[in-house]
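What follows is one structure encoded as structure tokens, with my remarks underneath.
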Amino acid sequence: MDKALEHSFVELLEKHQNIVHKVCRLYTNNQDAHNDLFQEITIQLWKAYPKFRGDSKFSTWMYRVGLNTAITLYRKSKRNIQTQEFESVQFKIKAEPYDDTEEQQLKLMYKAVHQLNDIEKALVFLYLEDKNYNEISETLGITEVNARVKMNRVKKKLKTILNP
Amino acid sequence: MDELELLKKDWQKGEDSYPKLSYNDIYSMLLKKSSSIVKWIFIISILEFVFWLFISFGLKASGYSMEIEGMENDFGFIAIVILSYGILAYFFYRFYMNYKTINTTDNAKTLMENILKTRRTVKQYVIFNLIVLIVSTAYMMPYALNQSEESRALIETARADGELFKYYIGIVLATLLVLAVVIGVLLLFYWLIYGILLKRLKHNYTELKQLED
């Protein structure tokens, strides 16, 4: 194994690890599953790394491999079915100033997002990461128009989940 | 949508809330084994190839086909053997090429298509083998029936009793039953393995594909 390659990869991933954590946050519901998916994404990133040419940003490249692993390659999906575990592992976000209603609303939103299917989650994830529709369409392999249409449907679906 | 904007704000605010894995934590992950479905599909496909090769070579090694007198010089039989090896080589090549095109850096839809293509090749290979099994069984049966003293004696007895037709029907039904059981077991096996492995992938692929229609 090429030590220099290994070193550069681990350093880059250490720096950008939040991207992987965020994918895991959306696609898993407990700490074990989170760690499991994190590891699988790391392995897939490492396997693909020799082909990474640096013509795209490392972080952009990570979004693609990370999402592909979560929605296509990852096998242990059974652990992700239960949603009730989610709240107990929600990441503590320091909301300042503390607003109870807002906090409550956010909790419900995160819960609603977890009820979406894999593809819808991918769209929401890229949207939350402030990716434009061009990037979303390229990551998922659909046209930009369809990405917009789908995103509107996801918004409607979230609304229905929140206000049944 | 206000709520989604609120979520976006919160999401982007939370950069410090994630666990921080150290260099060594990440490094140790590189040494772990992948549990991706591609790896499993690859392993299962190789096992399938080996299984059919084993059946084909195993039968030859035990001298089974050669025991049937005259078979080795029969044009039809030789044609079946040559054709099946040629097609086997073709399937190996296609499977390898499919596997090579699986690339995690492709977009999600292309990646899913490539994985499903690999699966499709193996499925075609299995169907091909089943057809060869059925055709060669049907082709070899008359030889097998006339080959040994015992079976010839049985035919003679059946003819003497006027039950030759019943005897042949019995043989054909018994063979069909064995083939049906073998095919049934194989189908159950594939359904169990690929049903579990590819269910989620197929579901996600359909979801993406629907958008394009």
Side-chain angles (χ1 to χ4, degrees), chain A residues 6 9-11 13-14 17-18 21-22 25 36 38-40 42-44 46-48 51-52 61 64-65 67-69 71-77 91-95 102 105-106 109-110 113 117-120 122 124 127-130 138-143 146 149-150 155 158-159 162, chain B residues 1-40 102-115 196-197 199-201 203-213:
Chain A
E6 221 172 60
F9 171 76
V10 177
E11 267 197 334
L13 183 53
E14 190 188 1
Q17 60 177 290
N18 269 4
H21 282 302
K22 286 176 191 170
R25 182 182 180 185
D36 222 39
F38 191 101
Q39 183 176 304
E40 187 60 43
T42 302
I43 294 170
Q44 294 302 331
W46 170 233
K47 270 166 70 180
K51 281 183 236 152
F52 172 66
W61 179 78
R64 190 170 272 215
V65 178
L67 275 179
N68 272 341
T69 308
I71 62 181
T72 307
L73 307 174
Y74 189 53
R75 203 169 47 90
K76 290 171 187 160
S77 54
F91 293 90
K92 295 281 168 273
I93 289 162
K94 294 159 211 141
E102 199 175 290
Q105 210 175 355
L106 280 170
M109 273 303 283
Y110 277 116
V113 169
N117 68 37
D118 289 343
I119 303 298
E120 291 165 344
V124 169
Y127 178 85
L128 294 178
E129 287 293 296
D130 216 16
E138 276 180 11
T139 307
L140 296 178
I142 55 178
T143 64
N146 285 328
V149 171
K150 186 69 185 169
K155 284 179 184 173
L158 281 173
K159 220 170 219 167
L162 289 168
Chain B
M1 185 193 194
D2 293 337
E3 284 107 324
L4 204 55
E5 283 309 314
L6 180 74
L7 192 69
K8 193 173 186 175
K9 238 171 68 192
D10 185 70
W11 180 265
Q12 288 174 351
K13 215 164 51 183
E15 289 289 330
D16 301 330
S17 63
Y18 296 100
K20 282 274 167 282
L21 297 183
S22 68
Y23 183 97
N24 287 336
D25 289 337
I26 294 172
Y27 181 80
S28 66
M29 285 183 187
L30 303 189
L31 310 171
K32 298 263 172 58
K33 283 198 167 62
S34 158
S35 62
S36 99
I37 57 159
V38 172
K39 194 183 112 179
W40 284 106
I102 294 177
N103 187 350
T104 38
T105 52
D106 274 332
N107 66 53
K109 193 161 157 257
T110 311
L111 175 66
M112 288 178 196
E113 270 164 2
N114 286 338
I115 294 174
I196 293 163
L197 267 182
K199 197 175 155 200
R200 187 160 153 252
L201 191 149
H203 181 80
N204 286 339
Y205 179 69
T206 316
E207 177 83 18
L208 275 179
K209 194 92 175 79
Q210 267 172 359
L211 287 172
E212 300 298 296
D213 296 336

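Numbers restart at 1 for each chain; the letters A, B, ... are given by sequence-line order, proteins then strands.
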Q. Quick one: do the B:Ser34 and A:Glu40 side chains pair a donor with an acceptor below 3.5 Å?
A. yes
Q. With only heavy atoms counted, which part of B:Glu15 is less than 4.5 Å from chain A, the side chain, the backbone, both or neither?
A. both
**Q.** B:Lys199: partners by side chain to side chain contact (heavy atoms under 4.5 Å, CB included), with sequence neighbours left out
**A.** none
Q) In terms of heavy-atom proximity below 4.5 Å to chain B, should A:Lys22 be classed as side chain, backbone, both, or neither? A) both
Q.
Hydrogens and angles aside, do B:Glu207 and A:Asn117 bring a side-chain donor and acceptor to less than 3.5 Å of each other?
A. yes
Q | Interface moiety of B:Ile115 toward chain A, non-hydrogen atoms closer than 4.5 Å | A | side chain
(Q) Between A:Ile43 and chain B, with a heavy-atom cut-off of 4.5 Å, which part of the residue counts as in contact: side chain, backbone, both or neither? (A) side chain
Q.
Is A:Thr72 in contact with chain B via its backbone, its side chain, both, or neither, using a 4.5 Å heavy-atom distance?
A. both
Q) So, B:Ser22 and B:Asn24: side-chain donor and acceptor under 3.5 Å apart, yes or no? A) no
Q) Pick from A:Thr42, A:Leu13, A:Asn68: which one has the most heavy-atom pairs with chain B under 4.5 Å? A) A:Asn68
Q) Is there a side-chain hydrogen bond (donor to acceptor under 3.5 Å, both in side chains) between A:Gln17 and A:His21 once you walk through the steps? A) CA-CA 6 Å; A:Gln17 60 177 290; A:His21 282 302; 3.1 Å; yes
Q. Of the listed residues (B:Ile37, B:Val38, B:Leu197, B:Asn204), which shares the most heavy-atom pairs with chain A below a 4.5 Å separation?
A. B:Asn204
Q: Check whether B:Asp25 gets within reach of chain A through its side chain, its backbone, both or neither, counting any heavy atom under 4.5 Å.
A: neither
Q.
If you compare all heavy atoms of A:Glu138 against all heavy atoms of B:Asn107, which two are closest, and at what distance to 0.1 Å?
A. O-CB, 3.1 Å
Q. Does B:Arg200 make a cation-pi contact with A:Tyr74, if we ask for NZ or CZ under 6.0 Å from the ring centre and within 45° of the axis?
A. no
Q. Is it the backbone or the side chain of A:Glu129 that comes under 4.5 Å from a heavy atom of chain B, or both, or neither?
A. both
Q: Heavy-atom distances under 4.5 Å only: say whether A:Leu67 touches chain B with side chain, backbone, both or neither.
A: neither
**Q.** Under 4.5 Å from any heavy atom of chain A - which part of B:Thr104
**A.** both
Q) Is it true that the side chains of A:Glu11 and B:Tyr23 contain a donor and an acceptor less than 3.5 Å apart? A) no
Q | Which atoms of B:Lys39 approach chain A - backbone, side chain, both or neither, heavy atom under 4.5 Å | A | neither
